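Working notes, structure below.
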Amino acid sequence: MKGGKGKGALRKETRSALKPVEDPKMGKRKAALKDDKKKVTKDKKAKKDPNKPKRPPSAFFVFLEEFRKTFKKENPNVKAVSAVGKAGGEKWKSLSAVEKAPYEAKAAKRKAEYGKLMNAYNNKQAESSDDEDEEEKEEEKEKRSKPEVHDEDVEDSGPGEEEDDEDEEDEDEEDD
């Protein structure tokens with residue numbers, strides 16, 4: 001006889017792990033996988049700082065800003081963003097290096113400005129984190145200076161045991 005689990009046992013386990021789905025278009029397995037992915041991504045995502053400078057656009061997006069205006073003038077009925085993007089992409093591919101140069105120069109200029117803004121932002125972040133570190137150190141000092149009161153120790157011990165606890169603490173201090 002074969003030992004261990006067979007294919008049938010594995011299928012039963014996977015079926016029990018799947019959850020019923022209200023949406024008939026989506027299969028049970030896909031729904032179970034999507035639920036797991038949502039849980040993981042929510043936990044791992046860090047919150048974005050609204051004060052952080054936005055990254056500069058590439059040369060293509062600088063080109064696309066101007067192209068979008070001309071495309072809308074020529075085709076006022078087309079409102080799909082995808083159509084503008086596709087037409088812009090085709091136009092960008094057809095441009096020569098000389099024609100792309102002004103857009104690349106603008107992108108480089110914006111990138112340099114972004115670098116300056118990021119340096120200022122990082123310096124500000126470093127200063128604020130230093131301030132926070134100092135505040136944390138001060139709080140720790142305050143906590144250390146205040147004696148901690150343990151109510152549980154007092155309640156558990158009887159009237160004669162309190163004196164014994166104090167004697168043990170005195171002996172520990174003398175050893176140090």
Side-chain angles (χ1 to χ4, degrees), residues 4-143:
K5 296 182 179 181
K7 290 182 182 177
L10 290 174
R11 287 184 186 148
K12 288 179 184 176
E13 288 176 8
T14 56
R15 285 183 192 151
S16 64
L18 297 176
K19 300 174 184 174
V21 180
E22 294 177 11
D23 188 8
K25 294 179 183 177
M26 186 184 304
K28 292 179 182 178
R29 293 176 192 226
K30 289 182 182 177
L33 292 174
K34 285 187 178 182
D35 289 343
D36 293 341
K37 288 180 183 177
K38 286 180 184 177
K39 290 176 185 173
V40 171
T41 54
K42 285 183 180 177
D43 295 341
K44 289 187 178 181
K45 277 191 177 178
K47 294 183 179 179
K48 293 183 180 179
D49 186 3
N51 298 328
K52 186 175 182 180
K54 290 186 178 181
R55 293 185 70 193
S58 65
F60 171 71
F61 283 102
V62 173
F63 160 77
L64 202 58
E65 289 172 3
E66 293 179 12
F67 178 79
R68 203 175 279 124
K69 294 173 187 172
T70 58
F71 185 83
K72 288 197 175 191
K73 286 180 183 175
E74 294 171 3
N75 305 306
N77 296 333
V78 177
K79 296 190 179 188
V81 176
S82 59
V84 178
K86 286 179 184 177
E90 290 173 9
K91 177 79 173 178
W92 179 255
K93 287 178 185 175
S94 67
L95 292 178
S96 66
V98 175
E99 293 171 324
K100 290 181 182 180
Y103 302 110
E104 290 170 351
K106 287 180 185 177
K109 183 180 176 184
R110 289 186 182 182
K111 189 174 182 180
E113 291 173 3
Y114 171 76
K116 291 176 185 176
L117 290 173
M118 279 304 292
N119 285 337
Y121 172 78
N122 289 334
N123 291 338
K124 187 176 180 183
Q125 291 294 97
E127 289 174 6
S128 65
S129 66
D130 290 343
D131 293 341
E132 290 174 3
D133 291 342
E134 290 174 10
E135 290 174 5
E136 289 175 8
K137 289 178 183 176
E138 289 175 11
E139 289 176 7
E140 288 178 20
K141 287 179 183 177
E142 290 175 5
K143 287 180 182 177

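None of the values given here were measured: they were computed from a predicted structure. The first residue of the sequence shown is numbered 1, and numbering continues consecutively from there.
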### Task
Look at atom NZ of K91 and say whether more than 12 heavy atoms of other residues, nucleotides or ligands are closer to it than 6.0 Å.
no
Just to verify, what does [X] make a side-chain contact (heavy atoms from CB on, under 4.5 Å) with, not counting sequence neighbours?
{"X": "P57", "answer": "F61, V62, E65, R110"}
{"X": "A83", "answer": "V78, A80"}
{"X": "D49", "answer": "N51, K52, Y121, Q125"}
{"X": "N122", "answer": "M118"}

### Message
Please list all pairs meeting side chain to side chain donor-acceptor pair (under 3.5 Å) that have one or both residues in residues 67-81, counting only residues at least two apart or in different chains.
### Response
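Residue pairs with at least one partner in residues 67-81: there are none.
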### Task
Mind checking ring pair (Phe, Tyr, Trp, His ring centres under 6.0 Å) for F63 and listing every partner two or more places apart, or none if nothing turns up?
F67, W92, Y103
### Message
Checking the side chain of E99 only, and the main-chain atoms of S96 only, is there a donor and an acceptor separated by less than 3.5 Å?
### Response
yes
## Note on the structure
Tightest non-hydrogen contact, residues L64 and V84, listed as CD1-O, 4.5 Å
## Note on the structure
All heavy atoms of A107 vs all of S58, minimum pair found to be CB-C, 3.9 Å
### Query
From K106 NZ over to K109 NZ, what is the distance, rounded to the nearest 0.5 angstrom?
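Between atom NZ of K106 and atom NZ of K109 there are 9.5 Å.
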